[in-house]
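All chains are named by letter (A, B, ...) in the order of the sequence lines, taking the proteins before the strands, and each is independently numbered beginning at 1. Keep in mind it's a predicted model, so treat the numbers as computed, not measured.
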Amino acid sequence: NAGVTQTPKFRVLKTGQSMTLLCAQDMNHEYMYWYRQDPGMGLRLIHYSVGEGTTAKGEVPDGYNVSRLKKQNFLLGLESAAPSQTSVYFCASKTYRVAGVWNTQYFGPGTRLTVL
Amino acid sequence: KQEVTQIPAALSVPEGENLVLNCSFTDSAIYNLQWFRQDPGKGLTSLLLIQSSQREQTSGRLNASLDKSSGRSTLYIAASQPGDSATYLCAVIIQDQGGKLIFGQGTELSVKP
């Protein structure tokens with residue numbers, strides 16, 4: 001049981017390049033999230049998914065796209081990278097509410113992205 | 001708009017000291033409040049989750065309290081150890097956007113031997 005894994009761990013891009021970050025979870029969780037963490041800003045939600053085939057925008061979605069074709073995977077894409085997207089990206093997952101109670105989110109180890 | 005603030009931003013204490021980390025939030029309409037630990041270059045590890053109907057949760061040397069009416073939570077660490085050195089993040093869980101977490105900026109704790 002690997003939990004939540006992220007690929008790659010590090011990446012350097014040039015402005016205008018594109019890339020896809022992969023998040024995978026083996027806990028059969030319905031909900032998946034992408035956050036970015038920036039100094040002085042904390043973690044902010046980019047996009048999220050409440051189930052296979054669904055995606056929705058979070059607080060800071062501009063410049064990113066996502067897809068959830070399989071329940072266990074959540075992909076984050078940058079079509080044309082900008083220096084403002086230099087950040088650490090975290091993926092998280094959790095299961096449905098049980099008896100009305102939100103459960104904890106489980107986080108991956110992060111991807112450190114630098115855009116030059 | 002919900003905002004979460006953590007004070008202090010950084011804290012350095014000698015080993016063995018009891019300490020309190022503070023978290024405040026602006027909107028009491030939260031589901032839960034959660035404390036995480038983040039080690040440098042690592043992901044987040046959940047420490048304690050307090051449901052909105054609860055007042056506190058305990059795990060080992062950690063105790064977290066929640067006062068929704070005043071918009072405050074505290075994380076109490078007893079008998080601190082160098083291994084407790086990390087950044088501690090407070091987050092509230094709200095209804096919308098899939099039960100997303102809204103994070104504070106964290107308190108960076110250093111426990112000196």
Flag yes if more than 12 heavy atoms outside B:R72 fall under 6.0 Å of its CZ atom; otherwise flag no. no
So which part of A:Q37 gets closer than 4.5 Å to some heavy atom of chain B, the side chain, the backbone, both or neither? side chain
If hydrophobic clusters are built by linking Ile, Leu, Val, Met, Phe, Trp and Tyr wherever their side-chain heavy atoms come under 4.5 Å apart, do A:Y106 and B:L47 end up in the same one? no
As an exercise, state the distance from CD1 of B:I93 to OG1 of A:T104, rounded to the nearest 0.5 Å. 7.0 Å
Heavy-atom contact with chain B under 4.5 Å, split by part of A:L45: side chain
Can you confirm whether more than 12 heavy atoms, excluding those of A:M27, are under 6.0 Å from its CE atom? yes
Same cluster for A:L43 and A:Y64 if Ile/Leu/Val/Met/Phe/Trp/Tyr side chains link at under 4.5 Å? no
On a heavy-atom basis, which atom in B:L101 and which in A:Y35 lie closest, and how many Å separate them? N-OH, 3.3 Å
For B:L89, is it the side chain, the backbone, both, or neither that has a heavy atom closer than 4.5 Å to a heavy atom of chain A? side chain
Over all atoms of both residues, closest heavy-atom pair of A:F90 and B:Q38: CZ-NE2, 3.3 Å
If you look at every heavy atom in B:K100 and A:E59, which pair is closest and at what distance? NZ-CG, 3.0 Å
Considering all heavy atoms, the nearest B:L44-A:F107 contact: O-CB, 3.8 Å
Using non-hydrogen atoms only, which part of A:K57 is less than 4.5 Å away from chain B: side chain, backbone, both, or neither? backbone
If hydrophobic clusters are built by linking Ile, Leu, Val, Met, Phe, Trp and Tyr wherever their side-chain heavy atoms come under 4.5 Å apart, do A:V66 and A:V88 end up in the same one? no
Quick one: CZ on B:F36 to CD on A:Q105, what's the gap to the nearest 0.5 Å? 6.5 Å
Please say whether more than 12 non-hydrogen atoms of neighbouring residues, nucleotides or ligands are located less than 6.0 Å from CD in B:Q2. yes
Are B:L21 and B:V111 joined in one hydrophobic group, where the rule is that I, L, V, M, F, W and Y side chains link up if heavy atoms are under 4.5 Å apart? yes
